[in-house]
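Everything numeric in this text was worked out from a predicted model, so none of it was measured.
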Amino acid sequence: MRQLPMRVHRAVVQSVTDLVPGLRRLVLGGDGLADFETTGVGDEYLRLLLPDPGEAEPRLPVATETWLDWPEGVEPCALRTYTVRDWDVDRRLLTIDVVLHAGGVAAEWARQVAPGQVCGVNTPSGMYDAPDDLEWQVLVTDLTGLPAATRILRQADPRVRSRLVVEVPGVAQRFSDEIPAHVDVEWITGGNGVGPSRIEQVVRGLEWPDGIGYLWVVGESRVLRGVRKHVRHELGRPASAYKVVAYWTEKVEEWNARWEALPEATRTELEQLWELDLPEEEIEDAYYARLTELGL
C-alpha cells in the first residue's frame with residue numbers, strides 16, 4: 001500500500017452541510033492544502049487538528065517522518081481521526097463527513113463550525129487493502145463508516161459483487177444518495193451510541209461466497225472485539241481476507257479518563273505492544289485482550 005510523506009496542512013472550512021440528522025459534511029480548502037496528497041485508498045484516515053474553544057487557529061504540530069510533534073513547551077491541540085470522503089485534486093477541496101456523537105471533542109467543534117473557520121489535517125494513511133483480483137466484497141458498518149464505505153464502493157470495479165450493511169440510529173439516517181445503484185444495500189437499526197449494536201450478529205450470520213473476497217467491518221471499538229474473534233479465530237480467515245477497524249469509542253471522554261488513571265507502567269506496556277516485530281493481527285490480539293482484562 002502506498003505510503004506518503006507526512007505533512008501538516010492548515011485548512012479553511014469552505015462549506016458545512018447536514019446530510020441527515022447527526023451526519024455533517026465539511027468541505028475544506030485554502031492554500032494550505034496546495035500540497036495535500038491522497039493515498040487513493042477508499043478507506044484512508046487522517047487527523048483533524050482542532051483549535052481550542054474560542055480560538056481562531058489550532059496549534060499545528062511539525063511533521064516528523066511518521067508522526068506529529070509539537071515544539072517543546074507547546075501544548076498539543078486536540079485531534080481526532082476521520083476518514084476522507086473525497087479529495088477533489090483539481091479544486092484542491094477535501095471532504096470529511098463527521099458523525100455528531102454526543103460529547104465528542106470533534107463533534108462539538110463540528111456542531112458550531114462555519115465557513116471561514118480554520119482547522120488542520122495531516123497526510124492520510126490507507127487501510128482498505130482488498131486483493132487485486134477481488135470478486136466480491138461485504139462491507140458492514142455503523143454510521144461512522146458510511147462515508148468510507150461509499151467511497152470504497154464508488155471506486156470499486158462494478159463487476160465486483162458488493163454488499164453493504166449499514167447500522168444507523170433510525171430511518172432518518174439512511175443516507176443512500178451516493179451509494180452506487182448496483183450495490184446490494186441493507187439498513188439495520190441500532191448501535192451508534194443509542195442502543196445495542198447488531199454488527200457482531202450480522203457478521204456471524206454472513207454467508208461467505210465462493211471466489212476471492214474481502215470483508216470490511218467498521219464500528220465502535222468494544223463492539224468489534226467480538227467481530228475480530230469470530231473472523232480471525234473462529235473462522236480462521238487470513239488477514240488478507242478481512243479488515244476490522246474500530247472507528248470510535250462510546251463515551252470516549254470517560255474511556256480516556258480511565259486510561260489516564262492506569263499506572264504509567266501499564267500504559268507503557270500497552271503502547272509498546274505496537275512496536276513489536278509481529279504481524280498486526282497478533283499485536284491486536286494481545287492489545288485488546290489486555291484492555292478487556294483492565295475493563296477498558
hydrophobic_cluster_shared for [Y] and [X], side chain cutoff 4.5 Å:
{"X": "Ile152", "Y": "Phe175", "result": "yes"}
{"X": "Tyr242", "Y": "Val218", "result": "no"}
{"X": "Val89", "Y": "Leu93", "result": "no"}
{"X": "Val231", "Y": "Tyr288", "result": "no"}
{"X": "Trp274", "Y": "Leu79", "result": "no"}

Beyond-backbone contact of [X] with [Y], side-chain heavy atoms, under 4.5 angstrom:
{"X": "Thr150", "Y": "Arg85", "result": "yes"}
{"X": "Val223", "Y": "Glu250", "result": "no"}
{"X": "Val118", "Y": "Pro51", "result": "no"}
{"X": "Arg237", "Y": "His230", "result": "no"}
{"X": "Val217", "Y": "Thr141", "result": "no"}
{"X": "Arg174", "Y": "Ser176", "result": "no"}
{"X": "Pro53", "Y": "Glu108", "result": "no"}
{"X": "Arg198", "Y": "Glu167", "result": "yes"}

Within this structure, what is the [atom1]-[atom2] distance for the pair [X] and [Y], rounded to the nearest 0.5 Å?
{"X": "Asp184", "Y": "Leu139", "atom1": "CG", "atom2": "CG", "result": "11.0 Å"}
{"X": "Trp248", "Y": "Arg222", "atom1": "CH2", "atom2": "CZ", "result": "9.0 Å"}
{"X": "Ser162", "Y": "Asp157", "atom1": "OG", "atom2": "CG", "result": "9.0 Å"}
{"X": "Thr39", "Y": "Glu44", "atom1": "OG1", "atom2": "CD", "result": "3.5 Å"}
{"X": "Leu270", "Y": "Leu291", "atom1": "CG", "atom2": "CG", "result": "5.5 Å"}
{"X": "Leu215", "Y": "Arg163", "atom1": "CG", "atom2": "CZ", "result": "10.5 Å"}

Looking at [X] and [Y], what are the two nearest heavy atoms and their distance?
{"X": "Gly30", "Y": "Gln14", "answer": "N-NE2, 3.9 Å"}
{"X": "Asp142", "Y": "Glu220", "answer": "OD2-N, 3.8 Å"}
{"X": "Leu153", "Y": "Gln137", "answer": "CD2-NE2, 3.8 Å"}
{"X": "Leu273", "Y": "Ala286", "answer": "CD1-C, 4.1 Å"}
{"X": "Tyr82", "Y": "Ala107", "answer": "OH-N, 4.2 Å"}
{"X": "Tyr214", "Y": "Met127", "answer": "OH-O, 4.3 Å"}

- [ ] Take the angle between the ring planes of Tyr247 and Trp216 and call it parallel below 30°, perpendicular above 60°, tilted in between.
- [x] perpendicular
Task: Residues that Trp70 engages under ring pair (Phe, Tyr, Trp, His ring centres under 6.0 Å), provided they are two or more places apart - done: none
Open item on the list: With a 6.0 Å cut-off (strictly less than), is the heavy-atom count around CZ of Arg91, excluding the residue itself, greater than 12?
Closed with: no
- [ ] Let me see the working for Asp31 and Val12 under side chain to side chain contact (heavy atoms under 4.5 Å, CB included), right down to the final yes or no.
- [x] CA-CA 9 Å; Asp31 294 342; Val12 181; over 6 Å; no
- [ ] Determine the sole option in Glu281, Glu284, Glu280 for which the salt bridge (charged side-chain N to carboxylate O under 4.0 Å, His left out) test with Lys243 is passed.
- [x] Glu280
TODO: Identify whether NZ of Lys or CZ of Arg in Arg80 sits under 6.0 Å from the centre of the six-membered ring of Trp109 and within 45° of that ring's axis.
DONE: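 Judged by the rule, Arg80 and Trp109 form no cation-pi pair.
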Any salt bridge linking [X] with [Y]? Criterion: basic side-chain nitrogen under 4.0 Å from a carboxylate oxygen.
{"X": "Arg228", "Y": "Asp285", "answer": "yes"}
{"X": "Arg59", "Y": "Asp52", "answer": "yes"}
{"X": "Arg25", "Y": "Glu178", "answer": "yes"}
{"X": "Arg267", "Y": "Glu260", "answer": "yes"}

Open item on the list: With side chain to side chain contact (heavy atoms under 4.5 Å, CB included) as the criterion, how do Asn122 and Met6 come out once you've worked through the C-alpha distance, each side chain's angles and the decisive distance to 0.1 Å?
Closed with: CA-CA 7 Å; Asn122 73 324; Met6 184 63 67; 3.4 Å; yes
Open item on the list: Which residue in the set Thr38, Leu46, Val27, Leu26 passes side-chain contact (heavy atoms from CB on, under 4.5 Å) when paired with Leu94?
Closed with: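 It is Leu46; the other options fail the test.
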TODO: Mark yes or no for whether Asn192, through its side chain, and Leu143, through its backbone, hold a donor-acceptor pair below 3.5 Å.
DONE: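 Yes.
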Task: Val16 backbone acceptor or donor facing Arg24 side chain under 3.5 Å - done: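 Not a single qualifying donor-acceptor pair exists.
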TODO: Only pairs at least two apart or in different chains count here, so list each ring-ring contact (aromatic ring centres under 6.0 Å, His included) that has a residue in residues 145-169.
DONE: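 Every pair satisfying ring-ring contact (aromatic ring centres under 6.0 Å, His included) with a residue in residues 145-169: there are none.
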Open item on the list: side chain to side chain contact (heavy atoms under 4.5 Å, CB included) for Val227 and Val140? Distances and angles first, verdict last.
Closed with: CA-CA 11 Å; Val227 173; Val140 183; over 6 Å; no
